[in-house]
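For reference, the structure is listed below as structure tokens.
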Amino acid sequence: METATAFRSGFSICYKPTKASLGGSDFVRVGSQLRMSPSGIKLYPSISHVKLSNRKVSFGSRKYTAIRASVSPSESGGSAAPIAPLQLESPIGQFLSQILTSHPHLVPAAVDQQLELLKTDRDAEQQKEEPSPAGTDIVLYRRIAEVKANERKKTLEEILYALVVQKFMDANVSLVPAISPSSSEPSGRIDTWPSQDDKLEHLHSPEANEMIQNHLSLILGSRLGDNSAVAQISKLRVGQVYAASIMYGYFLRRVDQRFQLEKSMKVLPQGVDDEDSSIQQVAGEDINGDRSDTSFRSTTQTHPELTSWSAGGVSPGGFGQGIKPSRLRNYVMSFDGETLQRYATIRSREAIGMIEKHTEALFGRPEIVITPQGTIDSSKDELIKISFGGLRRLVLEAVTFGSFLWDVESYVDSRYHFVAN
């Protein structure tokens with residue numbers, strides 16, 4: 001057997017943006033495949049008392065003042081929890097992480113300043129003349145430009161992440177810490193975090209919440225209201241569902257903004273308010289049709305929620321069960337194929353990279369083994385014990401994370417254009 005690259009196959013997700021699949025499962029395809037980065041991710045140290053010292057760091061052609069925190073073991077006491085599972089590594093990322101710890105309300109102002117410096121550096125880089133092709137310096141010149149572009153990409157990823165974390169802090173919602181077996185819980189459950197479901201649901205519009213509840217119904221099925229029951233589930237599967245839910249939240253916030261605008265202008269398409277819209281009939285045909293059809297098999301294989309949850313007996317409770325009519329779904333179903341494809345695509349590589357790194361920091365790097373037949377060997381897959389209430393909390397956080405990601409990506413792009421047309 002061969003050991004595959006962990007996250008290139010572990011959390012690789014691709015969806016088909018068909019209207020039938022959207023109507024039945026609330027899912028659409030993201031334009032680029034999501035592959036997890038092989039780079040290691042560390043956790044923030046718990047910080048309660050920090051000592052700050054300034055140091056000069058260089059980025060491109062400019063110098064920045066970063067803040068480095070030193071934690072005294074006697075002062076920290078080990079009681080403070082990390083604010084996010086992902087540690088920011090770039091100089092600007094470390095600077096923003098300290099502001100998040102001490103003065104989170106100042107993060108947007110600090111981001112604006114750093115984006116202005118990044119823009120100045122990028123403009124200066126673009127104005128440089130490339131050496132003559134006849135010289136050997138052109139290879140070195142292009143390599144340096146590539147390194148600087150990668151540095152800017154990493155910095156933008158961490159700026160996006162800091163802004164998303166700051167929005168959670170503004171909402172007084174703590175992010176789930178890195179998933180690890182709990183030593184304090186006798187049953188071995190990993191979901192020792194607080195619920196906060198009500199706070200997360202109030203961050204979305206009523207129409208978006210209808211879609212989110214349908215999304216939860218699809219994943220949890222008949223266990224949706226059974227928060228106390230505990231299941232033993234594949235950690236890889238939970239990670240796939242979490243990453244997919246982030247992308248779903250990104251898509252949901254994007255279409256909901258357009259829906260709310262058209263609703264306020266009273267220009268919604270006809271039939272959006274019809275509870276018995278033909279979308280349900282189309283979805284029902286896709287759900288109840290021939291289960292041996294190859295298109296259905298392809299759809300279930302690309303949706304982690306619809307595949308079997310190994311070793312836990314967790315199933316959607318019947319594909320399509322619990323899906324209720326929704327004005328926002330009816331609205332989305334009025335889109336033509338090209339519009340649906342555009343709204344179902346994450347716009348920037350930086351946003352995709354940030355999703356990858358956050359998911360890896362939260363769930364770790366799974367060991368993926370491919371058999372000679374080309375299938376995944378699940379014998380190396382780690383199993384975790386988690387309640388259905390904990391699963392609900394994870395999905396709600398992921399959807400909200402994706403919604404915030406759309407907001408902050410738009411905010412950053414308005415000040416430092418990096419989103420591809």
> Is it true that the side chains of Ser326 and Glu207 contain a donor and an acceptor less than 3.5 Å apart?
Replying inline: no

> Looking only at side chains, do Asp123 and Thr120 share a donor and an acceptor under 3.5 Å apart?
Replying inline: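 Short answer, no.
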
>> Is there a side-chain contact (heavy atoms from CB on, under 4.5 Å) between Val395 and Arg392? Walk through the geometry before answering.
In response: CA-CA 5 Å; Val395 173; Arg392 177 187 174 92; 6.0 Å; no

> Are Phe168 and Phe404 near enough that their ring centres are under 6.0 Å apart?
Replying inline: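 Yes, the ring of Phe168 comes within the 6.0 Å limit of the ring of Phe404, centre to centre.
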
Which value, rounded to the nearest 0.5 Å, describes the distance between [X] atom [atom1] and [Y] atom [atom2]?
{"X": "Thr155", "Y": "Ile92", "atom1": "OG1", "atom2": "CD1", "value": "5.0 Å"}
{"X": "Met354", "Y": "Leu156", "atom1": "CE", "atom2": "CG", "value": "11.0 Å"}
{"X": "Ile352", "Y": "Lys357", "atom1": "CD1", "atom2": "NZ", "value": "12.5 Å"}
{"X": "Ser334", "Y": "Leu268", "atom1": "OG", "atom2": "CG", "value": "8.5 Å"}
{"X": "Lys153", "Y": "Glu350", "atom1": "NZ", "atom2": "CD", "value": "6.0 Å"}
{"X": "Leu117", "Y": "Asp112", "atom1": "CG", "atom2": "CG", "value": "11.0 Å"}

Indicate yes or no for a side-chain donor-acceptor contact from [X] to the backbone of [Y] under 3.5 Å, with no hydrogens or angles considered.
{"X": "Arg329", "Y": "Met211", "result": "no"}
{"X": "Gln94", "Y": "Glu89", "result": "yes"}
{"X": "Gln196", "Y": "Ser174", "result": "yes"}
{"X": "Thr345", "Y": "Arg347", "result": "no"}
{"X": "Lys154", "Y": "Ser90", "result": "no"}
{"X": "Asn209", "Y": "Glu201", "result": "yes"}
{"X": "Glu397", "Y": "Val176", "result": "yes"}
{"X": "His103", "Y": "Ile99", "result": "no"}
{"X": "Arg253", "Y": "Trp406", "result": "no"}
{"X": "Ser403", "Y": "Gly249", "result": "yes"}

>> side chain to side chain donor-acceptor pair (under 3.5 Å) for Asp336 and Thr339? Distances and angles first, verdict last.
In response: CA-CA 5 Å; Asp336 58 67; Thr339 303; 3.1 Å; yes

So which heavy atom on [X] is nearest to which on [Y], and how close?
{"X": "Leu163", "Y": "Pro108", "value": "CD2-CA, 4.4 Å"}
{"X": "Trp193", "Y": "Gly390", "value": "CZ2-O, 4.0 Å"}
{"X": "Ala351", "Y": "Ile346", "value": "CB-CG2, 3.7 Å"}
{"X": "Ala398", "Y": "Tyr242", "value": "CB-O, 3.4 Å"}
{"X": "Ala208", "Y": "Asp256", "value": "CB-OD2, 4.0 Å"}
{"X": "Pro194", "Y": "Arg393", "value": "O-NE, 3.2 Å"}

> Do Arg415's NZ or CZ and the ring of Tyr411 fall within the cation-pi criteria of under 6.0 Å and 45°?
Replying inline: yes

>> Is the terminal nitrogen or CZ of Lys119 (NZ for Lys, CZ for Arg) located under 6.0 angstrom from the six-membered ring centre of Tyr416 and within 45° of that ring's axis?
In response: no

> Any chance CD of Gln126 has more than 12 other-residue heavy atoms, nucleotides or ligands included, within less than 6.0 Å?
Replying inline: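 Atom CD in Gln126 is packed in, count exceeds 12.
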
>> Would you say CZ of Arg349 has more than 12 non-hydrogen atoms from neighbouring residues, nucleotides or ligands within 6.0 angstrom?
In response: no

> In terms of the angle between their ring planes, are Phe401 and His358 parallel, tilted or perpendicular, with boundaries placed at 30° and 60°?
Replying inline: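 Judged by the thresholds at 30° and 60°, the geometry between Phe401 and His358 is parallel.
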
> Can you say whether the rings of Phe335 and Tyr331 are parallel (under 30°), tilted (30 to 60°) or perpendicular (over 60°)?
Replying inline: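 Rings of Phe335 and Tyr331: perpendicular, as their planes differ by over 60°.
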
>> Let's go through Asp170 and Gln166 carefully: what are the C-alpha distance in whole Å and the side-chain angles of both, what is the deciding distance for side chain to side chain donor-acceptor pair (under 3.5 Å) to 0.1 Å, and is it a yes or a no?
In response: CA-CA 6 Å; Asp170 279 352; Gln166 191 256 343; 2.9 Å; yes

>> Run the side-chain contact (heavy atoms from CB on, under 4.5 Å) test on Leu118 and Ile159 for me, step by step, so that the C-alpha distance in whole Å, both residues' side-chain angles and the decisive distance to 0.1 Å come before the verdict.
In response: CA-CA 11 Å; Leu118 279 178; Ile159 285 175; 4.1 Å; yes

Heavy-atom check, side chain of [X] versus side chain of [Y], under 4.5 Å:
{"X": "Leu383", "Y": "Ile233", "value": "no"}
{"X": "Ile190", "Y": "Lys235", "value": "no"}
{"X": "Glu158", "Y": "Leu96", "value": "no"}
{"X": "Ile246", "Y": "Val399", "value": "no"}
{"X": "Val230", "Y": "Phe388", "value": "no"}
{"X": "Val419", "Y": "Val412", "value": "no"}
{"X": "Arg254", "Y": "Arg342", "value": "yes"}
{"X": "Ile219", "Y": "Ser245", "value": "yes"}

> Just one of Leu391, Ile384, Ile386 clears the side chain to side chain contact (heavy atoms under 4.5 Å, CB included) bar with Asp191, so which one?
Replying inline: Ile386

> Stepwise, does the side-chain contact (heavy atoms from CB on, under 4.5 Å) test hold for Tyr250 with Ile355?
Replying inline: CA-CA 11 Å; Tyr250 180 98; Ile355 296 173; 6.0 Å; no

>> As a quick check of understanding, evaluate side-chain contact (heavy atoms from CB on, under 4.5 Å) for Leu252 and His215, giving each step before the final call.
In response: CA-CA 11 Å; Leu252 189 60; His215 179 64; over 6 Å; no

>> What verdict does the salt bridge (Lys or Arg N to Asp or Glu O under 4.0 Å) test give for Glu210 and Arg327, after you've listed the backbone C-alpha separation in whole Å, the side-chain angles of each residue and the deciding distance to 0.1 Å?
In response: CA-CA 9 Å; Glu210 291 178 347; Arg327 294 180 67 194; over 6 Å; no

